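Input: a single structure, listed below in C-alpha cells.
Both backbone and side-chain heavy atoms feed into the values below; hydrogens, waters and symmetry mates do not. Just so you know, ligand 1 is whichever comes first in the structure, and atom 1 is the first atom listed for that ligand. All values derive from a computational prediction rather than experimental measurement.
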Amino acid sequence: MALVEVQVPDIGDFDEVTVIELMVKVGDTVKAEQSLITVESDKASMEIPSSTAGVVKEMRVALGDKVKQGSVVLVVEAAGAAAAPAAAPSAAVSSASPVVASEAQPSSAAPATPAASGPVQVHVPDIGDFKDVVVIEVMVKPGDAIKIEQSLITVESDKASMEIPSSAAGVLKELKVKVGDTVNIGDLLAVLEGTALAAAPVAAAAPVVAVAVASAPAVAPSPVAAAAAAVSAPAHAPGGNTVGMPHASPSVRKFARELGVPLDEVKGSGLKGRITSDDVQAFTKAVMSGVAQTKAQAAKAPAASGGGGSELGLIPWPKVDFAKFGPIERKEMGRIKKISGANLLRNAIMIPAVTNHDDADITDLEAFRVSTNKENEKSGVKVTMLAFLIKACVAALKKYPEFNSSLDGDAIVYKNYWHIGFAADTPNGLMVPVIRDCDKKGVLQISQEMGELAKKARDGKLGPAEMTGATFTISSLGGIGGKYFTPIINAPEVAILGVCKSTMEPVWDGKQFVPRLMLPLSLTWDHRVIDGAAAARFNAFLGQILSDFRRVLL
Ligand code: CAO
C-alpha cells in the first residue's frame, strides 16, 4: 500500500493560513474528501479535505502552524487504487483542490440597485457552486439601519457556511427570507428603504464570505476555487463576527444540528475559543448525564432557582428587584447546588411524602459510645452516633423491607442489599456519600468509612460510584442542633431518616421522672409504598434498638 502525502490544495488568494483545528489523528481511517484540518485567515475558515482514502500514518501539522498551498498536512497509507483517485501524491492534491473561498464579483443575477432614495432590493449574490443553501441565521430585523457589506443572513450547505452581506446601505424595510428557507443566486433577500446613504459601488457590493468547504469531488479545481483569486471579502473573522455566531466549522455546526445541540451554549476549547466536535460531544454528555442543562431546559425546569413552573400550572416565580429595597450581592449558585436543587425539587413535588416524628432513648448507647471511644483512643477511629444509627436502621430495614425498596412503574423492587447514604454538609453544598453493605460491617468499620467519605465529600473528591446505589438515607443534624425536621426523600429510595441533636429530658418511668438522653427522629416515607402504621412501627422498632443495642443481634 502506497504512502500518500496529502497537501494543502489551491486555497485561492490566501497566502498563509493558520491551522486552527485538527479533525483527525494518527490511526484514523479517512475517506477521500473527508475534512482533515480547518485553517483560518482573517477572512474565512476552510476545511482541508483529504485527496485520498486510507489510514493516517503521520500528522505533519500542529495547531497554530501556518500552511499554504502545497504544505503537507499528513501522510496517509492509501486504502487501494479505487479509494485513491490520484496516481501520485502531487496529482492527488490537484484532484482534491475543492476549496471554495470567496468571490468578489457581483452576479449579474444579483444586482444592487444603486438608488440614493426609494426601495433598494438586495439579492443573493453569486455563491459559486452552491444551490439551495439553507438560511440558518437571520442577523437583522426590519427597522435596522444596514451598512454596506453588513451581513444579513448566514446560509449553509452541507459543505460550507456563508454570510450574505448587504449590497447597499439603508433602513431594512422588509426581509424576504426566514430561518429554514432555501435560497439560490439571485433570490430576493431584503428590501432597504433608500436613504441618503449611498448604495454600494458594484465591485464591493456582493462579496460573499465563503466559510469552509470540505468536499468537492471535482477532478479539476472547481470554478469557485478559481474565483477565489478575486477575493475581496469583508472582514468577517469567522469567530469574531459582530453577530455573535459561534466559532465553529460547518461540519461541527452540522454535527451540533444533528444532535440538537445549541451551539451558542457550547464553550469552545479550540484555538481562539473555536468549538470542536469534541466540545459538542462533551456538552451532549454533560446534558445527558444531568451535569448541565441547556438554556431551554433550564427555562422549562424550575430547578433550585425557582424559575419556571408553568408545566405545573403554577403562577410564575415572583420577579423582584431586590436592589430597590436595599443593597444586595448576587452570586451564581455552584454546580452541586444546582444539581441537588433540581433533584430535591423533583423529589419534593413527585413523592407523596409524610413525616413521622419520634424520640429514641439513647442514654445507654451514648454512654457505650463514649466508653468505646475512650478504649479505642489510640486506634484513631472515632465511633459516631451516626454509625450506630446506620446499624440500627439496617436492622429496621430488614424487619420492614418496604423501606428498603424502590418503585418501578407498578412494581415495588425489594433490595437484598443494604447500602446506606448519609447527607454530608460540604462547602460546595449537600452531598450524599454511600456506605455499601452496612449489614456486613461493624460499627467501627462504618465509622471509619464514614469519616473517609465525609472528608472526600468536603474535598470535592467523591467519585460517582461513591454517591450511587443507596437503598436508604440518613440525614443527621445532630452535631449542629434542632429538634425535628422534614427531610426530602432521595429518589428512587422510598424513605429517609432525619436525626437532630439529642438532649437530656425528664422521662416518666412509671413511678417518677428520670433524666434520659433523647434523640429526635424524623422519618419521611413515600405514601405510595409505605403506610402510616408501618412508618410508626419502623420508628418504634428503631427506638427500641437504640435504647438497647443488643437487639441488633436478634
Ligand atoms: N445529638 C447530639 N450530638 C451529636 C449528635 C446527636 N444526634 N450527632 C453528633 N453529635 C455530636 C458528636 O458526638 C460530635 O461531638 P464531639 O465532637 O463532642 O464528639 C459532634 O456532634 C460533631 O459530630 P460530627 O458532625 O462530626 O459527626 P456526625 O457523625 O454526627 O456527622 C456528618 C457526620 C458528615 C453527617 C456531618 O458532619 C454532617 O455533614 N452533617 C450535616 C448533614 C446535613 O447537612 N443534613 C441536612 C440535609 S437536608 O438539607
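- Distances from atom 17 (O) of ligand 1 to the protein include at least one heavy-atom value under 4.0 Å.
- The protein does not reach atom 12 (C) of ligand 1 closely, with no heavy atom under 4.0 angstrom from it.
- Nearest to atom 14 (C) of ligand 1 by heavy atom, out of K382, M518, K501, E366, is K382.
- Each of the atoms 35 (C), 42 (C), 45 (N), 47 (C) of ligand 1 lies under 4.0 Å from some heavy atom of A423.
- With respect to E449, the salt bridge (Lys or Arg N to Asp or Glu O under 4.0 Å) criterion is satisfied by exactly one of K440, K441, K456, R436: K441.
- In this structure, the side chains of C393 and I474 come closer than 4.5 Å at one or more pairs of heavy atoms.
- Using a 4.0 Å cut-off to heavy atoms of L430, the atoms of ligand 1 that qualify are 47 (C).
- More than 12 heavy atoms of other shown residues, nucleotides or ligands fall within 6.0 angstrom of atom CZ in R528.
- Nearest to atom 46 (C) of ligand 1 by heavy atom, out of A360, A424, S475, is S475.
- Among protein heavy atoms, atom 43 (C) of ligand 1 sits closest to L477 CD2, 3.6 Å.
- For atom 38 (C) of ligand 1, the nearest protein heavy atom (residue, atom name, distance) is D425 N, 3.9 Å.
- Atom CE of M288 has 12 or fewer heavy atoms from other residues, nucleotides or ligands within 6.0 Å.
- Under a cut-off of 6.0 angstrom, the local environment of CZ in F368 is sparse, with at most 12 non-hydrogen atoms contributed by other residues, nucleotides or ligands.
- Within ligand 1, counting atoms from 1 as listed, the ones closer than 4.0 Å to a heavy atom of L519 are 7 (N).
- Remark: distances from the non-hydrogen atoms of C500 to ligand 1 include one below 4.0 Å.
- Between R330 and E332 there is a salt bridge, with a side-chain nitrogen of the basic residue lying less than 4.0 Å from a carboxylate oxygen of the acidic one.
- Shortest contact from atom 9 (C) of ligand 1 to any protein heavy atom: G479 N, 3.6 Å.
- Given atom 6 (C) of ligand 1, the protein heavy atom at minimum distance is G478 CA, 3.3 Å.
- In this structure, D408 places its CG atom where only 12 or fewer heavy-atom neighbours from other residues, nucleotides or ligands lie under 6.0 Å away.
- Here the protein heavy atom with the shortest distance to atom 1 (N) of ligand 1 is S502 N, 2.8 Å.
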*Please assess Y484 against N356 for the test side-chain hydrogen bond (donor to acceptor under 3.5 Å, both in side chains), listing each intermediate value before the final yes or no.*
CA-CA 10 Å; Y484 304 102; N356 281 33; over 6 Å; no

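- Ranking protein heavy atoms by distance to atom 37 (O) of ligand 1, first place goes to R458 NH1, 4.3 Å.
- Ion pair E402/K415 not flagged as a salt bridge, since none of the NZ, NE, NH1 or NH2 atoms sits closer than 4.0 Å to an Asp/Glu carboxylate oxygen.
- In terms of protein heavy-atom proximity, atom 29 (O) of ligand 1 is nearest to T384 CB, 3.4 Å.
- Between F388 and F549, the ring-plane angle classifies as perpendicular under the 30° and 60° cut-offs.
- Scanning the protein heavy atoms around atom 33 (C) of ligand 1, the nearest turns out to be L386 CD2, 4.3 Å.
- The residue among G481, S476, G482, A454 with a heavy atom at the shortest distance from atom 41 (C) of ligand 1 is S476.
- Using a 4.0 Å cut-off between charged side-chain N and carboxylate O, D459 and K455 make a salt bridge.
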